Amino acid sequence: MAMAPIYHLPSLLLFFCFIQLSFSELVQQQPLVLKYHNGPLLKGKITVNLIWYGKFTPIQRSIIVDFISSLNSNNPMLPSTSSWWKTTEKYKGGSSILGVGKQILLENYPLGKTLKNPHLPALASKFNDVNTINIILTAKDVAVEGFCMRCGTHGSTRVGRGPVRGTYIWVGNSETHCPGQCAWPFHQPIYGPQTPPLVAPNGDFGVDGMIINLATLLANTVTNPFNNGYFQGPANAPLEAVSACTGMFGSGSYPGYPGSLLVDKSTGASYNAHGINGRKYLLPAMWDPKTSTCKTLV
């Protein structure tokens, strides 16, 4: 079993928050290279199965399902969720076309409300197929080992007894755990400048924070599914397609400031991507292999 965590803004802010802006801008202008390690990527049609662990409202589930469905939609409103996802096509092998498959609701907490690391691949194995990403989504009252250090993770498990491996993602709702780490910029950070949090575009900072982490992990998974795809640094703690661009959401971003974003005039919510069914989302920057830079939508 292999797992790659997200390394989140607040852990980096402890080091960066006092660096002068001029220096941070200089650092951001340096070329960023994620080396391709010659392993397989997830390309073509991919089924995304969802395991809802704990209690989510129907509205919360629809926000997340709409996000996944938006990734390959033909949304004419720009900037769009699908235009963000198209950056993954610039990695070797072409497009990754995601479609929502099966869903399981585990509202009775069959493994309890405190999950250990081995529980994650065990839950993911409820769907044991190739060309799938099995996503475990834990509710706000579920604690997961190492939650506040990573906010989510992706990994792989064997399919059957052969060498073929399937992939999985875990993302948790951090509303009652560590929103300062996992729901920034919709919650004040633990470290660094205590600027007011942004208004979440779907009115739920826990779930809108999950969208940021899920977007991060989906991009990381299709470009580095088995720890031999695109990444920088050690394979057991890699900087990947989006985790290499942590804390960047709009132009002019720097540690502690997400960048210039779009604002909904009626709600005051900040976003940078349109989705299906009138949804708005805030999506992180992604490394563009054509320019070797972190690319934002706005």
Side-chain angles (χ1 to χ4, degrees), residues 1-12 15-16 27 30-44 46 48 87-94 96 98 115-125 128 130-136 144-172 181-182 212-248 284-290 292-295:
M1 178 186 68
M3 293 192 295
I6 305 174
Y7 290 90
H8 261 264
L9 176 76
S11 60
L12 298 177
F15 176 75
F16 282 120
V27 170
Q30 302 302 311
L32 173 66
V33 177
L34 301 189
K35 181 182 177 182
Y36 176 51
H37 294 77
N38 300 312
L41 309 184
L42 292 187
K43 297 294 181 175
I46 302 162
V48 176
T87 300
T88 63
E89 295 180 10
K90 299 181 181 181
Y91 294 70
K92 290 183 182 294
S96 302
L98 306 187
L115 300 183
K116 300 295 185 181
N117 284 330
H119 289 142
L120 301 178
L123 286 168
S125 66
N128 205 11
V130 296
N131 297 324
T132 62
I133 302 173
N134 299 326
I135 302 177
I136 304 129
V144 178
E145 184 178 356
F147 196 134
C148 299
M149 295 299 296
R150 52 185 181 167
C151 306
T153 192
H154 76 92
S156 61
T157 57
R158 293 197 181 279
V159 177
R161 297 184 179 182
V164 178
R165 302 184 73 85
T167 61
Y168 71 89
I169 287 171
W170 159 69
V171 174
Q181 278 111 324
C182 301
I212 293 172
N213 297 325
L214 180 56
T216 299
L217 289 162
L218 282 169
N220 292 354
T221 296
V222 300
T223 58
N224 187 33
F226 309 114
N227 279 359
N228 54 8
Y230 285 86
F231 65 89
Q232 182 188 89
N236 62 347
L239 290 177
E240 299 172 293
V242 176
S243 58
C245 304
T246 186
M248 302 179 189
M286 190 188 309
W287 184 72
D288 187 332
K290 299 298 183 184
S292 294
T293 60
C294 290
K295 179 182 178 181

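Everything numeric in this text was worked out from a predicted model, so none of it was measured.
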How far apart are the closest heavy atoms of [X] and [Y], and which atoms are they?
X      : Y      : answer
Asn224 : His154 : O-CE1, 3.2 Å
Cys294 : Ala285 : CB-CB, 4.2 Å
Ser156 : Tyr168 : N-CE2, 3.6 Å
Leu34  : Ala244 : CD2-CB, 4.0 Å
Lys43  : Thr88  : NZ-O, 2.8 Å
Thr223 : Ala219 : OG1-O, 2.7 Å

How far does [atom1] of [X] sit from [atom2] of [Y], to the nearest 0.5 angstrom?
X      : Y      : atom1 : atom2 : result
Asp288 : Thr87  : CG    : OG1   : 5.5 Å
Thr221 : Leu214 : OG1   : CG    : 9.0 Å
Leu115 : Ile136 : CG    : CD1   : 9.0 Å
Lys295 : Lys90  : NZ    : NZ    : 3.5 Å
Asn220 : Tyr230 : CG    : OH    : 14.0 Å
Leu42  : Leu98  : CG    : CG    : 9.0 Å

Non-hydrogen side-chain atoms of [X] and [Y] separated by less than 4.5 Å:
X      : Y      : value
Gln232 : Leu32  : yes
Thr293 : Cys245 : no
Leu239 : Thr246 : no
Ile135 : Leu218 : yes
Tyr36  : Leu41  : yes
Arg150 : Trp170 : yes

inquiry  = Under a 3.5 Å distance rule, please check whether Thr132 uses its side chain to pair with a backbone N or O of Ile46 as donor and acceptor.
reply    =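 Checking the backbone N and O of Ile46 against the side chain of Thr132, no donor-acceptor pair under 3.5 Å is found.
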query = Hey, does the side chain of Asn134 reach the backbone of Ser125 with a donor-acceptor pair shorter than 3.5 angstrom?
reply =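 No, the answer is negative, given that no donor and acceptor are paired below the 3.5 Å cut-off.
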message = Test of understanding: with ring-ring contact (aromatic ring centres under 6.0 Å, His included), list the residues that count as partners of Phe231, not counting sequence neighbours.
response =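 Counting only residues at least two positions away or on another chain, Phe231 forms a ring-ring contact (aromatic ring centres under 6.0 Å, His included) with His37.
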request  = Output all residues satisfying salt bridge (charged side-chain N to carboxylate O under 4.0 Å, His left out) with Glu145, sequence neighbours left out; order by chain, then residue number.
outcome  = none
SG-SG under 2.5 Å, Cys182 vs Cys148 =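 Between Cys148 and Cys182 there is no disulfide, given that their SG atoms are not under 2.5 Å apart.
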query = Checking side-chain contact (heavy atoms from CB on, under 4.5 Å) for the pair Val171/Thr216: CA distance, chi angles, key distance, verdict?
reply = CA-CA 10 Å; Val171 174; Thr216 299; over 6 Å; no
